[in-house]
Structure formats: C-alpha cells, structure tokens
Amino acid sequence: MKAYPPHMTATLTRTRLLVALVAISTLVLALAAAGGVVPGLFVDDSPDRPDDPTTEDTVGYVNGYWYDDELPVDDRDDAVVDDDELEPVVYRSMARVEKIRNMTFEDDVPVEVISREEYQTEHKDIFLETTEDEQLIQNVTYETLFMVDRDTDAGDEFESMYGGAVGGYYDPETDRIVVVSDTTETPELDETVLGHELVHALQDQQFDLSSYDRMTIDQDVATNGLIEGDAAWVETEYETRCSDEWACAQPGESEPNSEQFSQLNWGLYMTLYQPYNDGSAYIDSLREDGGWAAVNAAYDDPPTSSSTVIHSDEEREPVEVTVEDRSGDAWVPLEVDGEPARQTVGEAAMVSMFGADIHDRSQPSVIDSEAMLADGLSGYDYDQPYTDGWTGDELAVYVDATVDDPTATDTGYVWETEWRSSEDAQQFVTGYLDLLEIHDAEPVADRQDTYTVDDEYPGAYAIDRDGETVTIVRAPSVDDLDEINDGAAPEGDDTLERVAVDTSDGDDGGTDDDDSDSLAGFAVPGTVLGVSIGIFVAKTRDGTVRAWIAHRRALTRPDSAPSVDSGGGSDSQRRGAA
C-alpha cells in the first residue's frame with residue numbers, strides 16, 4: 001500500500017480522489033462525444049511478434065494474452081463475466097492499453113466489478129473524507145464561486161454527483177480497480193471503462209501519481225489535464241478499435257435514470273469535467289511535438305494551471321498571487337494545521353462559475369449556452385473572454401475571531417485575481433457584476449462598488465479593480481468588509497463599469513493589445529498548433545447528456561412550451577467513461 005501525503009484541496013478532498021482516477025459514467029464521455037474519428041490515431045499493428053514474448057518486455061502481451069486475442073465473452077449480448085473469465089479479460093485489456101500507449105505494465109492490477117447499488121452503499125465514501133476545518137473551507141470556496149449556497153454542504157453535493165456518475169475508479173492506495181455497473185444482480189464489465197482505469201494503473205506504475213502536489217483547485221485540475229487527458233485519449237482510441245477491429249466486452253443498454261440529471265450540481269461538474277473536456281487536445285499538442293515520448297516527459301513537468309490545458313496552443317504560466325493580510329482584530333485568517341487557508345481557483349473554475357447556469361431555465365447565465373456549449377454539443381468551450389486573460393488568483397478565508405466553532409455564517413474572504421491586461425480585468429468584472437445581478441444583488445448607497453445579497457449567497461460584496469488586479473471582499477455585513485480587508489468598501493460613488501464582451505466565437509473580445517498594463521509570460525507561438533478538437537468517438541444512443549442538452553436548448557426557444565422543470569431529465573441514459 002502506498003503512503004500518500006495529506007494534501008487537501010477544495011475540489012476533491014481525499015488524496016485517492018485527488019489523483020483523479022475516476023471514470024464518470026453516463027455523463028462525461030457522452031458529453032465529450034464528438035462525431036467521427038481523427039485520422040492517424042491508430043498506432044502500427046505490425047503482425048511481427050517475438051517468438052518468446054514476456055509480460056515485462058513485450059508491448060501488447062500480458063500473462064499469455066495478446067491484445068487481439070478473442071475470448072468467449074466477446075460473443076455475448078451482455079458483458080457479465082464470472083470469476084474465471086474476469087482475469088483473461090483484464091490481461092487482454094492490459095495488453096490493449098499497452099498496444100495503444102506503447103508502454104508495458106510492471107505488475108498485475110486487481111480488478112473488481114460491482115453493482116452501482118453496492119458502490120453507493122459500501123464504496124462511495126472512498127472519495128469523501130474531510131476534517132471540520134477542511135469542510136468549512138470547501139463550503140466557503142464553492143460559495144465564493146456561486147456553486148454551493150449557504151444552506152448546502154459541498155461534500156453532500158460531491159457525494160450526490162459521484163453516487164450516480166462513477167463508472168469505475170483506480171485506488172492507488174490498494175493498486176486495484178473497481179468497475180461500477182448499472183446492472184444489479186449480474187454486474188456487467190465495460191471494457192472501455194476498464195481500459196481507462198488501467199491507464200491510471202499504468203501511470204501509477206510508471207510515473208508514481210502520488211508525487212504530484214494538488215494543494216489547490218487549479219493545481220488539481222491542471223494535473224488532471226495531463227493524467228485524465230492521457231487516459232481519455234487512450235480510451236477513445238480503445239473504443240474506436242472496439243468498433244473497427246477488436247472484439248470487446250461491452251454491456252447492453254442501461255436503465256433510465258433521469259433523477260441523476262435533476263440532482264447534478266452543474267458548477268461542480270463543469271469544474272471537474274474540464275480535464276476530460278480539454279485534456280485529450282492537450283495530449284494531442286504534446287504528441288504533435290514528440291509523440292508518446294513527449295507525453296511521458298510531461299509527467300516530469302506537468303501543467304501548472306488549468307489555463308495551460310485550456311489554451312494548449314499557447315505558452316501560459318501563471319503568476320504567483322499573495323493576498324496581504326489587512327484584517328482587523330475582529331477577524332483572523334482561518335488556519336488548517338497552523339497555516340492560513342489559501343486557495344487558487346483558476347480559469348476552469350471561473351468559467352464554470354460564469355457558465356453553470358446554462359442548465360437552469362429559471363435564471364439567466366453570464367455565459368449563454370450558445371457560447372458555452374462547443375460546436376455540435378460536443379462538450380464545453382472553456383476558452384471564454386470573461387476569463388481567458390487569467391494569470392493567477394488567491395482566495396484567503398477569514399473567520400470571526402469571537403467565535404469558537406465557526407460556520408460559513410461566521411466567515412468572509414478576500415479573493416484577489418490577476419489578469420493579462422486591464423481590459424481582461426474589466427471583462428472579468430463585467431461578468432462578476434452580471435453574476436451578482438443574477439443573484440439579486442443590491443448596490444449599497446454611498447459605498448463604492450459595494451453590493452449586498454440576501455438569499456442563497458448572503459453577505460456584502462466589495463469589488464475593486466486596480467489595473468490588472470481585481471479584488472473581491474465578502475463579509476457578513478457592510479461594516480465587516482473593512483474589518484476583513486482594511487480600506488474595502490470606501491465611501492463614494494461607484495467606479496466600475498460593464499464593458500462589451502464578445503462571446504460570439506470564443507475569442508478574447510479584442511483584448512490583445514500593447515497596453516503597458518499587460519503582463520509578461522503569455523507569448524503566443526507564431527503558428528497555432530494543429531490540435532484536434534473532435535477526437536472522441538461519438539456515442540449516439542438516445543439519453544446521452546448531449547441529447548439532454550439539445551432537449552433543454554430546444555425548450556428555451558420562444559416557440560417551445562416549458563414541459564419540464566429546471567432540473568430537466570433524460571429519457572434514458574447509458575454508460576460512458578472519462
């Protein structure tokens with residue numbers, strides 16, 4: 001069993017989930033699906049084979065099984081495998097992952113197939129374990145992003161999401177894989193989900209996934225851009241071969257589960273989904289430069305921010321942002337293990353903050369569905385003008401010094417963000433003001449750029465923009481703002497103005513300028529890399545998230561009758577992996 005450091009992030013709070021080894025069934029790959037296959041994905045399938053293959057040295061051969069061997073399970077209408085049949089399927093799948101990834105396993109990988117009911121009752125807690133302080137920070141962080149309101153626990157939201165969405169996971173503490181089946185009495189093995197998780201086992205054996213720091217949301221999402229992007233790329237190729245040349249164990253249709261959509265927290269989901277959405281294109285950009293060797297080298301130098309993965313055709317490095325403590329005696333920084341609670345949210349989470357409401361018909365969204373949904377409903381477009389100028393941010397959480405056991409009601413924060421230019425900062429401010437308006441914020445008379453919200457996200461909000469820097473302070477009351485951050489919410493007239501933001505084609509709204517405010521470190525190559533976007537194999541059965549989103553979009557048209565509530569729901573669902 002590996003010993004993992006006690007890292008904590010507000011995204012996923014347990015280390016074994018921080019290494020992001022979850023296959024999110026039904027939702028992720030269905031949402032990521034884009035019709036067709038990119039030419040050139042296949043690797044060479046030369047028939048030449050060594051006379052004496054070995055598991056350790058022969059790519060595509062594991063414990064007596066070649067990648068293209070046929071097995072009895074291949075000829076069935078379902079993918080139910082008994083104990084004697086599971087091992088051959090696993091070995092063949094390992095060989096197939098080796099063939100695609102051009103890398104060999106060092107050790108066997110135990111695999112268990114369980115029903116979703118068993119997972120929900122016995123395994124779900126593997127992803128959710130926090131201390132009280134960590135839970136408080138998590139709640140404040142996602143309240144900051146308008147994803148989890150004051151009366152809701154973020155852990156409960158994650159638990160609800162993973163309960164219905166996990167199709168499998170690799171547990172690095174036990175070096176085993178669990179595949180979750182939607183069939184109850186006789187769980188079925190989904191070979192493509194197995195293949196995805198085997199990539200994670202291979203990564204762990206070759207690169208030691210416990211070695212990566214995941215201290216913040218952005219660092220976690222960025223690392224997953226490499227790890228999950230690698231696994232998703234291989235899975236896509238794996239499934240393509242299952243369709244074209246390999247016989248594979250694949251389950252039949254799953255039962256409808258529209259409740260899963262209605263209970264999903266889309267803001268959290270969109271944040272977690274970004275590595276799956278953009279990670280394969282990031283892997284493609286590495287392979288363009290040096291094939292799998294370049295991808296392997298990236299494990300020694302992983303992406304440092306989600307911005308790097310979103311903009312894989314550019315050179316992007318974040319700047320370090322440090323919030324200066326300017327609190328009075330009545331407020332103190334919240335500490336965990338003696339250290340101030342600090343968080344970097346990152347570009348992916350900010351896009352999710354502005355775009356999550358596209359799935360809620362009861363209110364508008366800062367980023368509308370036409371801009372947020374990629375062409376052909378193939379996923380999300382995380383390159384948005386409100387946020388694409390991000391260079392860094394830090395969130396500092398404060399608590400009322402007079403309270404012994406603080407709750408979210410007793411907290412405030414200072415969120416400082418840095419942008420490439422003053423124009424980029426203005427566009428972020430425009431989006432944030434729109435977000436406050438969506439949540440019925442009221443301006444405070446005689447206080448500069450200060451607002452109050454009464455309902456789901458209660459408190460006073462003070463916004464300040466100084467060139468490329470935007471600082472947001474939130475406190476329980478207007479009077480507390482200055483106590484948390486000296487000088488916040490000064491008396492005077494508002495100074496911030498909304499600017500025009502062009503989201504029509506996902507560009508940066510015309511903010512590439514030679515303004516002296518611009519920060520260094522964002523040089524764009526002279527030619528844009530030919531990164532493929534549509535690398536996922538389409539999943540066309542009715543009931544995918546794509547079909548559900550199409551249905552939701554149709555309902556928002558003026559000539560459509562509102563036949564479903566804001567939660568929505570699909571007619572049917574099917575498995576998928578990410």
Side-chain angles (χ1 to χ4, degrees), residues 7-32 124 126-128 130 138-139 141-142 144-148 152-170 180 193 196-197 200 209 212 214-232 235 260-261 263-280 282 303 305-307 309-310 343-356 358-359 372 374 379-382 387 545 576-578:
H7 293 162
M8 189 283 295
T9 127
T11 305
L12 305 168
T13 54
R14 188 163 186 170
T15 303
R16 63 177 73 179
L17 187 56
L18 296 187
V19 292
L21 309 180
V22 176
I24 302 179
S25 78
T26 305
L27 297 175
V28 173
L29 219 129
L31 185 56
K124 187 169 55 176
I126 188 174
F127 302 131
L128 303 162
T130 59
Q138 181 172 261
N139 286 336
T141 299
Y142 288 106
T144 302
L145 296 171
F146 290 85
M147 294 178 185
V148 178
T152 304
D153 180 71
D156 291 342
E157 294 292 276
F158 280 118
E159 183 174 344
S160 176
M161 179 169 61
Y162 285 116
V166 171
Y169 64 89
Y170 169 68
V180 182
V193 173
H196 181 106
E197 297 310 314
H200 291 317
L209 296 180
Y212 298 100
R214 296 168 175 271
M215 302 299 292
T216 69
I217 292 176
D218 194 47
Q219 193 175 45
D220 185 59
V221 174
T223 303
N224 288 348
L226 171 63
I227 294 173
E228 290 295 353
D230 191 355
E235 184 190 355
Q260 181 179 344
F261 286 132
Q263 293 180 348
L264 191 66
N265 184 310
W266 286 102
L268 298 183
Y269 174 77
M270 289 168 68
T271 301
L272 297 178
Y273 175 64
Q274 188 272 328
Y276 303 87
N277 190 89
D278 297 332
S280 289
Y282 174 70
S305 73
S306 60
S307 182
V309 180
I310 294 171
Q343 179 63 262
T344 297
V345 170
E347 183 175 352
M350 289 184 180
V351 175
S352 302
M353 174 180 72
F354 287 146
I358 64 170
H359 298 295
M372 191 71 217
Y380 295 117
D381 184 356
Y382 288 84
T387 52
V545 174

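Positions are given from 1 along the sequence. It should be emphasised that the depicted structure is a prediction, and the values quoted were computed from it without experimental measurement.
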*Residues Tyr382, Ser306; criterion side-chain contact (heavy atoms from CB on, under 4.5 Å); working and verdict*: CA-CA 10 Å; Tyr382 288 84; Ser306 60; over 6 Å; no
_Assess the residue pair Thr387 and Met353 against the criterion (side-chain contact (heavy atoms from CB on, under 4.5 Å)); give the C-alpha distance rounded to whole Å, side-chain angles, the decisive distance to 0.1 Å, and a yes or no._
CA-CA 10 Å; Thr387 52; Met353 174 180 72; over 6 Å; no
*Point-to-point distance, once rounded to the nearest 0.5 Å, from CD1 of Ile310 to CD of Glu347*: 4.0 Å
*Does the side chain of Leu268 reach to within under 4.5 Å of the side chain of Tyr273, using non-hydrogen atoms?*
no
*asked:* How long is the straight-line distance from CZ of Phe354 back to CG of Leu145, given to the nearest 0.5 Å?
replied: 9.5 Å
*Could you please spell out the steps behind the side-chain contact (heavy atoms from CB on, under 4.5 Å) verdict for Thr271 and Met147?*
CA-CA 10 Å; Thr271 301; Met147 294 178 185; 3.4 Å; yes
*Checking Thr223 side chain against Gln219 main chain: does a donor-acceptor pair fall under 3.5 Å?*
yes
*With sequence neighbours left out, what residues match Gln274 under side chain to side chain donor-acceptor pair (under 3.5 Å)?*
Asp278
_Please find the pair of heavy atoms, one from Val166 and one from Tyr169, that lie closest to each other, and give the distance._
CG1-CD2, 4.3 Å
*Side-chain donor-acceptor pair under 3.5 Å between Asp218 and Thr344, yes or no?*
no
_Shortest non-hydrogen separation from Ser280 to Ala232 and the atoms involved_ = OG-CB, 3.6 Å
_Under 3.5 Å donor-acceptor, Glu235 side chain and Ala231 backbone_ = no
*Minimum-distance pair of heavy atoms, taken over all atoms of Ala348 and Val221*: CB-CG1, 4.1 Å
*Partner residues of Asp153 under the side chain to side chain donor-acceptor pair (under 3.5 Å) criterion, sequence neighbours left out*: Gln135, Asn139
*Taking all non-hydrogen atoms of both residues into account, name the closest pair between Glu157 and Asn265 and its distance.*
OE1-ND2, 2.9 Å
*What class does the angle between the rings of Tyr269 and Trp266 fall in, given that below 30° is parallel, 30 to 60° is tilted and above 60° is perpendicular?*
perpendicular
*Might you point out which heavy atoms bring Gly267 and Ser352 nearest each other, and give the distance in Å?*
O-CB, 3.7 Å
*Is Met270 close to Met372 at the side-chain level, that is, under 4.5 Å between some pair of heavy atoms?*
yes
_Reported CG-to-CE distance for the pair Leu272 and Met161, which is rounded to 0.5 angstrom_ = 4.5 Å
*Parallel, tilted or perpendicular, as decided by the 30° and 60° cut-offs, for the rings of Tyr276 and His196*: parallel
*Is it true that a side-chain atom of Asn277 and a backbone atom of Tyr380 form a donor plus acceptor pair closer than 3.5 Å?*
yes
*Quick one: closest heavy-atom pair of Val345 and Ala349, and the distance?*
CG1-CB, 3.3 Å
